[in-house]
Structures are given as structure tokens and as C-alpha cells.
2 protein chains.
Amino acid sequence: MTSQKGSKTAPGRSTTMADVAKLAGVGKMTVSRLLSGSANVSKETAERVQRAIRMLNYQPNELARSLRSPHSKTIALILPYLYDPFFATCAHAVSTVATQHGYSVLITTSDEKTDIEQQQVAHMLRRRIDGMIIIPAPNEEDYLRGKDFESVHIVTLDRPATHSRFDSVLVNNRAGARAGVAHLIEHGHKTIAFLGLAKDLFTMQARYNGYREAMTGAGLTPELYIECRSNEETVTLVHSLLTEKRPPTALFAGNNLTMRYLLHALNMLRIDVPGQIALAGFDDFDIADVLQPALTVVRQPVYQVGEMAANLLFQRISRGEYPAKGHRVVLPTELVIRRSCGCHRESRVTFGAKSVADTTHE
Amino acid sequence: MTSQKGSKTAPGRSTTMADVAKLAGVGKMTVSRLLSGSANVSKETAERVQRAIRMLNYQPNELARSLRSPHSKTIALILPYLYDPFFATCAHAVSTVATQHGYSVLITTSDEKTDIEQQQVAHMLRRRIDGMIIIPAPNEEDYLRGKDFESVHIVTLDRPATHSRFDSVLVNNRAGARAGVAHLIEHGHKTIAFLGLAKDLFTMQARYNGYREAMTGAGLTPELYIECRSNEETVTLVHSLLTEKRPPTALFAGNNLTMRYLLHALNMLRIDVPGQIALAGFDDFDIADVLQPALTVVRQPVYQVGEMAANLLFQRISRGEYPAKGHRVVLPTELVIRRSCGCHRESRVTFGAKSVADTTHE
DNA sequence: CTGAAAGCGCTAACAT
DNA sequence: ATGTTAGCGCTTTCAG
């Protein structure tokens, strides 16, 4: 270990508003007023104060500010994971909008576990945030009903808030999945399997419902929900699926992760797409168009989902209203037809116009 | 617009420590002491206070706490984008470690622009964070030298901090790229092109240097750095590259984004990999092994990079030291051999053991 | 237009 | 073991 130069302790306390005031020969309030820009300060004193601020390199302490004022200028963002590109993009959008509004974002992950989420929410509340955006974990135990939540603005994203007065931003999961599966049906497929993640995820249920609607609507019988947990498991699952007596001729993947599991499995089992089996899925991703074959997917407006959630939140914050019923915004999805479905040329169909509605409880 | 039930204003101020103290019939300090667990409180009063806390559902105000104590229990994380899987994974790691330490994370993005980054840093400083983790934008103007930064702990990640006393966590870019290119050379390729993002990115320079070392080390002449900015541009670039009089027979992609551009271009131009041209790149990603052909890549320990950065930061914070020289941790990379290089069976070579060194200035 | 006093909710330092 | 006093850095209120 080499000897280190450098101080053990941080330099003495930083310069405060009082220091600036003294140097400028004014009262603290004049400095405060100048900074907030709210009230009138004469040209001359303003200049003097400005100079003092620059000389001392004064930086207002936002913590102290927050303690006094009703706004902490901070929002919280709670999501399951950050390494899922969908969530990451939402987070980026939220961060961008927050910056535009002069707000900071406290971010944290729940790992899809309700208890961790609840803990994180409580922690955020103690930090006196002005609002929060949550992608709620499944089986939310309705802790958001408590009294503590009466004075926070909350928007949920990707999944609805159960029994609540909060706003939600969702995409048209059911219609999107229905359209994707319907397209597979148009190709003449009669037996189509739906593969998804954990069944208790809202999005998976909604998409599975869309799948069932498409099937029954075409007079076909929907298959059971197939839950994929890993690459390995999916290989087994797909293998047994294809050796059934009436194997599916097409597959629909519930999201981009499921799709990756599926691609891996199909690859391992050396099954040709779309030759031996057709493929489509929910959620577009970066190289879906570069894959061989290019993937047919239902695309959701990822960035807009995050952006919209943030905008709704700031609307609430600035209005300071706590309505009894939340809004539910449903963003449209789009069917991006590429090759994995069996098509020979690419095209797009937008599905489900943006809708805003009062939340019906449940 | 339907009429909304709900209050216009938030309910009156939340319960404070004084409320708890009054209800429990004790002084504020007793409550404070109980909560911090630091000093002795008698069994009986402790119970009374606990009961009062539960009855009122008291939540301590962390803001007020931070104002008084020297720690805000908050760190900042500043990165270019969140939608890059590399950064997102780092962010996830940082968030996880921070939670373990009871810390909150303020996150924000710089869009690779130094001025935005500087602004964000200043903003964080005003919020009295205990430390920050930065993935610095190129051409950092050395603003981190200022007096304001004397009392903050800073760790940079993925890229070094120029002229500074801060810790950095990097990966072995040069050695990794060198190994990747060397492998291509082993396949008998004599003309190999390097494609990267903006040239001013530290990682791109380091990897390009590794490429050049591998080439000259084998007695070959390195080609010029090829900068890719988009799918479209890359198509043109690759096309003209392959119609030169002495076209490359192998390509090395500087990171996962470049690789995607490249895959798109190769796809458009209907060039077979590895038949017509061999391919390798830096940075593994989720479905690199599912692609046809599976991609040979230099893998970096993404999560560990973020984790290490966070650990270094908390070490600094807990020790409260401000040494004159920072540490530089270099994490090893690993060559993951799959098919795009021309190999027929897969294997792995770890390259460059983890090293820790005092930062040499520059 | 400007200032002095009070206090946001908490904890450190000194009482008792 | 517990209470009292002071004050973190700021803004709100009330006076000039």
C-alpha cells in the first residue's frame, strides 16, 4: 500500500445563504428572493448579490429547501429490473421528462417481489417525494390503499393499479396479441401455442386473453398457457410440444424474453422457421429485424409509455389534485410483419387508437 | 368530463416526531434515540413509544434527517443512456448495491454531452449527495477539478476520469480487442477492418489500439478506423469497403451497437457470415448465441463493473477519505468463441486478470 | 423593495 | 435513562 496524500476529512461546511448575504451586505431574504425569482429585487442589490454568489461559488442546499417548501422536487421510479430493455427505455423516458421539469428521479428495483416493492415505496415516502411511478409487481397486496398514500401522486406503468385512484399507462395488450395471433391464423395455422412468462403477470394474462379471442373467434380451440422460465426449460417444453400427437404449427411468444427462450430452443432443436414452424411474438426489440428470419412482432410504443406516465404524474403534481378515480391511458400497438410468420414481404398494421378512460374499479 | 370526487389539497401535514413524543408522553429525544437505536431507552418507554409510532403510523422524515446529519444517504448515478443494455445493467448493479447499504440512488442521463453532464453533476451537488458514479461523456472538460468537488466521492465507470483523484472501474479493452482480432488472424485473415462508434469514446480508442496491436504483432497492416453512425450509413460503408481493390476478409465490431449496424448491413447486402466474411466483436449480448451464425465476441463482466464501482464508492464513503490519487480497477474480459469467426466448435478464453493500480495521471 | 423573526423535522450536545 | 436547548439552511410571515 503506497502512502496516500489527501485529507482524511472533508473540508469545512460549505458556504450558505447567510455567507452570501453578509458579503453582499444584505439580508438572507434578499438572496432567497433573488434566487427564487419570485419577488422584486432592485437592479443594484441584485447585482451585488449575484457577484457575491459568484465569488463564493454559492450553491443552494436543495435539502434545506425541500424541508421548508411543500415540494421536494423529486419523484421516485420503482421497477422490477433495469436490464430488461422495455423497463430501461421507460426509465430513460421518465428521467428525461423529469429533467425537463427540473425534477430529480430516485430509482430503485423490486425484482418483481411485492414485499421488496412495498419496502421501497415506504422508503421513498419517508424521503418526501412529490410523486412516484411504479411498475407494480404481481399480486400487489393493496398496500397502496393506506393512509400514507393519500398525499402522494402515483402513476403505474405497464400494469394497472388494482383498486385504486391512481393513473395507469398501459398498452393495448389484448388487441395487440389478438392481431398477432389472427395474422398467424390467416396463414392457415389451426394449432397455435402461446408461450409466456409467469402467469401472474398482468401483461401475460392480457396477451393470453387476446390469443384466446383470436383463436375462438376463428373457430379454433386455444391451447393451454405454456410458462417458460429459462432457456433450458423451454427446450424441453418445445420438444414435448412438438412431439405431441397434434403439434402446433405456429408459436406466439408473450414478450421479448419468451421470444429469446424460444429462439434458443428452436435453434437447439434445429427447427426451421418459418419452414417447419411459424413464429410471432409480442414486443419488438433491437435486432428482431436482423435475425434470420426477421421476426414478426407486435410492437409497443415503449418510450411513449414512460413519457406518458411521467407527463401524467407532473400534471397531477402541478395541479395538486387527488381525485377519487384515476385515469387509465391505453396506448396502441402495431403489428410489424416480417418473415417469421411465413410472409414474404414486410408491412405494418397499427392497432387500437389511444384511449383515455376513467378507471373502473377492477 | 365527469365530476370527480376527491380532495383538491393534500391532507394536513404528516405526523412528526413531536406527535409521537406527545402521545407517548416522552420527549422528542427519546423517540429519536429509539429510532436510531444508538442510546439506551428503558424497556417500558420503548414499548410506549413503539405503540405510539404504530398508532400514528409515524414515518421519519429523511429530508430533515439529512439536513442535520453529515450523510444524505444518497448517491448519484449519471450515465449517457439508459437504453443501452450495458449501461442499464451497470445501473441495476449500482442500485442493488446501494439498497444493500441503505442508500438511495438519484439517476440521470447525459446523452453523451459534457455540458449536460456538468449541469447534472452540479444539480446533484446541490442535493448534497454523499457520492456519485459517473460514466463520463467524451471530452470531459475537467470541470471535476473545481473546489466543489473536494468533498464528494466520485467513481467513474467504463471510462477513466482524466487528471483526477477519483476511482475508476474499467475493463481490459485493449487486451480484449487484441485477443479477438488475434483469433481472427489465426483463422488466416490478413485484411481485417475495425468498425466503431464515435472515435472520441475512450472505449473505442482503447479497443482500436488493441486491434492495431494484434495486427502489427502479426506483421499485418492495420486499416483505418471506420466510424459507424447508423444502420443506413453502415450499409454504404460496408458496401464500399467490400468493393475496394483489397477488401477485408474479416470484420471486428467495436461494441454491440456497431455489431448490430454491421449485422443489418451484411443482411441487406446478402453477405454470408462466415462464408464470405468472418466476424467478431466486443461486448456480448443477450441473443448473440442465437443468431445465425452465433457471434464470436469479447465478453465484458457488465454487472461486475457496476457492482465494483458501487463497492468502491461505499468504501470511500464509509472511510471518509479523500486521497490525492484514485485507484483504477481493470476487470478482465473473455473471448467467447462461437461461429461467426469461422470456428466449428465453441470455447472460451479468459483474458487479463483483474488488476488494481494507482491512477497514473493520464 | 427589504429585513427580522419564526419554524420546517430532526439530532448533537449538554443538562438532569 | 430522559429532557432541554440549539441549530442544520432555507422559506414563509409579518413588519417596516
Side-chain angles (χ1 to χ4, degrees), chain A residues 10-50 52-53 56-74 125-130 148 151, chain B residues 10-50 52-53 56-74 125-130 148 151:
Chain A
R13 50 167 268 300
S14 48
T15 67
T16 77
M17 196 176 257
D19 300 330
V20 175
K22 187 153 49 158
L23 181 61
V26 296
K28 283 194 299 177
M29 269 323 290
T30 308
V31 181
S32 176
R33 274 191 271 256
L34 183 76
L35 259 51
S36 66
S38 56
N40 294 332
V41 180
S42 82
K43 265 267 148 63
E44 295 173 14
T45 32
E47 293 246 320
R48 275 217 315 286
V49 174
Q50 293 281 20
I53 288 176
L56 298 172
N57 197 331
Y58 167 68
Q59 303 287 105
N61 184 332
E62 294 291 342
L63 241 41
R65 223 173 230 185
S66 303
L67 185 60
R68 203 68 183 80
S69 79
H71 294 304
S72 63
K73 291 273 189 182
T74 309
L125 249 32
R126 287 196 290 267
R127 305 209 36 154
R128 296 301 187 266
I129 47 139
D130 295 341
D148 315 343
S151 54
Chain B
R13 48 166 267 302
S14 49
T15 67
T16 77
M17 197 176 255
D19 300 329
V20 175
K22 186 152 53 158
L23 181 61
V26 297
K28 283 194 298 178
M29 271 320 290
T30 308
V31 182
S32 175
R33 275 190 270 255
L34 183 77
L35 259 50
S36 65
S38 57
N40 294 332
V41 179
S42 82
K43 265 264 147 61
E44 295 174 12
T45 34
E47 294 247 321
R48 274 218 316 285
V49 174
Q50 294 281 21
I53 288 176
L56 299 172
N57 197 332
Y58 166 68
Q59 303 287 105
N61 184 332
E62 293 292 342
L63 242 40
R65 231 173 223 185
S66 303
L67 187 60
R68 204 69 184 77
S69 78
H71 295 303
S72 64
K73 290 275 190 180
T74 310
L125 249 32
R126 286 196 289 269
R127 307 214 29 158
R128 297 300 187 266
I129 47 140
D130 295 342
D148 314 343
S151 54

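Hydrogens, waters and symmetry mates are skipped; everything else that's a heavy atom, side chains included, is used. Just so it is clear, the model here is predicted, and its values are computed rather than measured. To find a chain, count down the sequence lines: A is the first, B the second, and so on, and within it residues start at 1.
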Run the side chain to side chain contact (heavy atoms under 4.5 Å, CB included) test on V49(A) and V26(A) for me, step by step, so that the C-alpha distance in whole Å, both residues' side-chain angles and the decisive distance to 0.1 Å come before the verdict.
CA-CA 8 Å; V49(A) 174; V26(A) 296; 4.0 Å; yes

Starting at [atom1] of [X] and ending at [atom2] of [N], how long is that distance when rounded to a whole Å?
| X | N | atom1 | atom2 | result |
| --- | --- | --- | --- | --- |
| R48(B) | dA1(D) | CZ | P | 15 Å |
| R127(B) | dG9(D) | CZ | C1' | 15 Å |
| K73(A) | dC8(C) | NZ | P | 23 Å |
| L63(B) | dG9(D) | CG | C1' | 12 Å |
| K22(A) | dG9(D) | NZ | C1' | 15 Å |
| E47(A) | dT2(C) | CD | C1' | 18 Å |

Below 4.0 Å: OP1/OP2 of dC1(C) and any side-chain N or O of T30(A):
no

Taking the side chain as every heavy atom from C-beta outward, state whether R65(B) and L35(B) have any atom pair closer than 4.5 Å.
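Sidechains of L35(B) and R65(B): in contact.
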
Side-chain contact test, heavy atoms from C-beta onward, threshold under 4.5 Å: evaluate it for N61(B) versus T16(B) and give yes or no.
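When only atoms from C-beta onward are counted, T16(B) and N61(B) do not touch, as no gap falls below 4.5 Å.
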
How does DNA chain D look in dot-bracket form if you count Watson-Crick and G-U pairs under 3.5 Å, write [ ] for pairs that cross, and put | where a base pairs with another strand?
||||||||||||||||

Looking only at heavy atoms, what is the nearest atom pair of [X] and [Y], with distance?
| X | Y | result |
| --- | --- | --- |
| A46(B) | L34(B) | CB-CD1, 3.8 Å |
| T15(B) | Y58(B) | O-CD1, 3.5 Å |
| K73(A) | D130(A) | N-OD2, 2.9 Å |
| S66(B) | L63(A) | CB-CD2, 3.5 Å |

Keeping S32(B) on the side-chain end and K28(B) on the backbone end, is there a donor-acceptor pair under 3.5 Å?
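Answer holds: no.
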
Could you tell me whether the side chain of R48(B) and the main chain of A24(B) form a donor-acceptor pair under 3.5 Å?
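Side chain of R48(B) to backbone of A24(B), a donor-acceptor pair under 3.5 Å: yes, one is there.
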
Each nucleotide in nucleotides 10-16 of chain C should get exactly one letter: B, S or -. Can you fill that in based on protein heavy atoms under 4.0 Å?
BBBB---

Given DNA chain D, 5'-ward residue of the pair V41(B) and L67(B), judged by closest heavy atom
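So the residue in question is V41(B).
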
Identify whether any heavy atom of T45(B) sits under 4.0 Å from a base atom; if not, whether one sits that close to sugar-phosphate; answer base, sugar-phosphate or nothing.
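Touches sugar-phosphate only.
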
